[in-house]
Number of protein chains: 2
Amino acid sequence: MFVKNVIAHQALFAGLTDEQLTGLASVIVDKPYEKGEVIFVEGTPAKGFYIVAQGRVKIFKSAPDGREAVLHVFGPGEPFGEVAVFQGGTFPAHAMTVEKSRLLFLPRDALVARISSDPTLALNMMAALSGRLRQFAGKIESLTLKETPQRLAAYLITASELKDGADSFSLDIAKGLLAGMLGTARETLSRALGRMVEEGMVAVEGRQITILDRTSLEALAAGVETL
Amino acid sequence: MFVKNVIAHQALFAGLTDEQLTGLASVIVDKPYEKGEVIFVEGTPAKGFYIVAQGRVKIFKSAPDGREAVLHVFGPGEPFGEVAVFQGGTFPAHAMTVEKSRLLFLPRDALVARISSDPTLALNMMAALSGRLRQFAGKIESLTLKETPQRLAAYLITASELKDGADSFSLDIAKGLLAGMLGTARETLSRALGRMVEEGMVAVEGRQITILDRTSLEALAAGVETL
DNA sequence: CGAAAATTTGACTATGCTCAAGGCGAGTGG
DNA sequence: CCACTCGCCTTGAGCATAGTCAAATTTTCG
């Protein structure tokens, strides 16, 4: 029942009947992962895709020297690895837990079969994929046209909005990981954040961020898409 | 019949019956565009999506100062703007012709209706969206982890492959546009290409490129994803 | 052939990366 | 309960890539 409860509230499966959900739940495998565990490696043939039930997963590309470009960090309820189901058949990037997690695995065939017979699921899936594309487009824009402080400002604004617009909130990922998401080095992120503190825009205590001057922060972020 | 001929050979519509194609063709609008004409602007509500029949279209984001991040350059047969149909309802970026073109417009409702009734079309569409995501992931990786010469080398290798692996081929876009695609400035691209010429890797005459030392070029591009 | 667009080149600057070292904090074993 | 260790973060110094501005040059098209 745990599995069904997790999927029942996801946008991806919105509009499915209780019966359909039960059917899906029956083919899903629920598996625990430790922090830092590799889920899959880029290029591996995919037999299905995953949904985060608990914990957090990063999707990333890596350079030989160990640097990483973080494409996504997914939390509870979010699906990942679907791309491989529909095109190419192999995972397009690496996936690793960043916390102790619990993941659901949905086999490819089961998904394709259901999509073929249920237009709602198909349209949900397309909406999900389209949303990702939009996000990536924003990321490419920001990497190409903006600098680190602007990207950071945009991230902080968005993070605040996700916490209902609170001025003070906690980052839910480590700063090193955030640096990877912003496409920069840990050191550069640290300095950029330091400068914001100096200028009185924000206060920082560990992962706790307090926005002191939202107006300036927004001005800095102007025109930068959500990451 | 022109419209039907164009769509009949696209991956997106593969597997559709002749009858279905005729039906689609009947709701498609065929429209000519001059070079440099705006097709749509980011944020505009989308009433449907487009397919390039002839010519070439760039999809891009732009900064207030005029700099551009080119997300795609689409040629004959390629669809664009679908994201808006499935999610959000507005176009995620700007679109402009870079050559005199002829574009097909497919209204949203017609597409959604057909997808709902035809799983083949739905799966084709998901494959197309997934392919884009893969491409974007590669672009983000290369922007984050690689430098201009490496990105350029990867582009040249790919361009050569698209021309059946010929050592000598013609770029089908202007160099300024290429710079935008590689996420760099015209001047930087020019210098990077100049260095490759100095080092005897390639010869350049206007848009004509000749690969002289494919091995070195590949070594330089190593690990960089296709853009 | 001439105007406009695209490209190249030069000089300068700056953003951000790398390498290196030091600090902080949480969890752990003694 | 405390000292220790490990992981994570910060700070400093130097350097390299690439961006900007400006101007010369080439190419494209009408």
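Basis for what follows: all heavy atoms, side chains included, without hydrogens, waters or symmetry-related copies.
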Could you tell me which non-hydrogen atom of Lys35(A) sits nearest to which non-hydrogen atom of Val98(A), and how far apart they are?
CG-O, 3.6 Å
Stems for DNA chain C (at least 3 consecutive Watson-Crick or G-U pairs, under 3.5 Å) come to C:1-30 with D:1-30
So which of Glu78(A), Glu68(A), Glu99(A), Glu37(A) actually passes salt bridge (Lys or Arg N to Asp or Glu O under 4.0 Å) with Lys58(A)?
Glu68(A)
Smallest heavy-atom separation, Ala153(B) atom then Leu217(B) atom, equals CB-O, 3.7 Å
Does the Thr97(B) side chain pair with the main chain of Gly36(B), one donor and one acceptor, at a distance under 3.5 Å?
yes
Euclidean distance, atom CZ of residue Arg186(B) to atom C1' of dA5(C) [Å, nearest integer]
10 Å
Distance check needed: dA26(C) P versus Glu99(A) CD, whole Å only.
17 Å
State, yes or no, whether a side-chain contact exists between Asp172(B) and Lys163(B) at a heavy-atom distance under 4.5 Å.
yes
Please report the C-alpha distance between Ser216(A) and Glu199(A) in whole Å, then the side-chain angles of each, then the deciding distance to 0.1 Å, and finally whether the side-chain contact (heavy atoms from CB on, under 4.5 Å) criterion is met.
CA-CA 10 Å; Ser216(A) 301; Glu199(A) 293 173 8; over 6 Å; no
Find the distance Gln150(A):CD to dG16(C):C1' and express it as a whole number of Å.
14 Å
Set out, in order, the CA-CA distance, both residues' side-chain angles and the distance that settles side-chain contact (heavy atoms from CB on, under 4.5 Å) for Leu152(B) and Leu189(B), then state yes or no.
CA-CA 8 Å; Leu152(B) 173 58; Leu189(B) 173 64; 3.8 Å; yes
In whole Å, what is the span from the CD atom of Glu198(A) to the C1' atom of dT11(D)?
12 Å
If I take atom CG in residue Leu178(A) and atom P in nucleotide dC8(D), what distance separates them, rounded to the nearest angstrom?
14 Å
Sugar-phosphate atoms are those with a prime plus P, OP1 and OP2; base atoms are the rest. Using that split, label each nucleotide of nucleotides 14-30 of chain D B, S or - for protein heavy atoms under 4.0 Å, 5' to 3'.
---SSSBBB--------
Over how many whole Å does the gap from Ile173(A) atom CD1 to dC9(D) atom C1' extend?
14 Å
Tell me the interatomic distance from Leu182(A), atom CG, to dG16(C), atom P, rounded to whole angstroms.
11 Å
Distance in angstrom units between Leu177(B) CG and dA6(C) P, rounded:
10 Å
Option passing ring-ring contact (aromatic ring centres under 6.0 Å, His included) with His72(A) (candidates Phe136(A), Phe60(A), Phe80(A)):
Phe136(A)
Step through it carefully: locate the ring centre of Tyr50(A), locate the ring centre of Phe40(A), and say whether they are under 6.0 Å apart.
yes
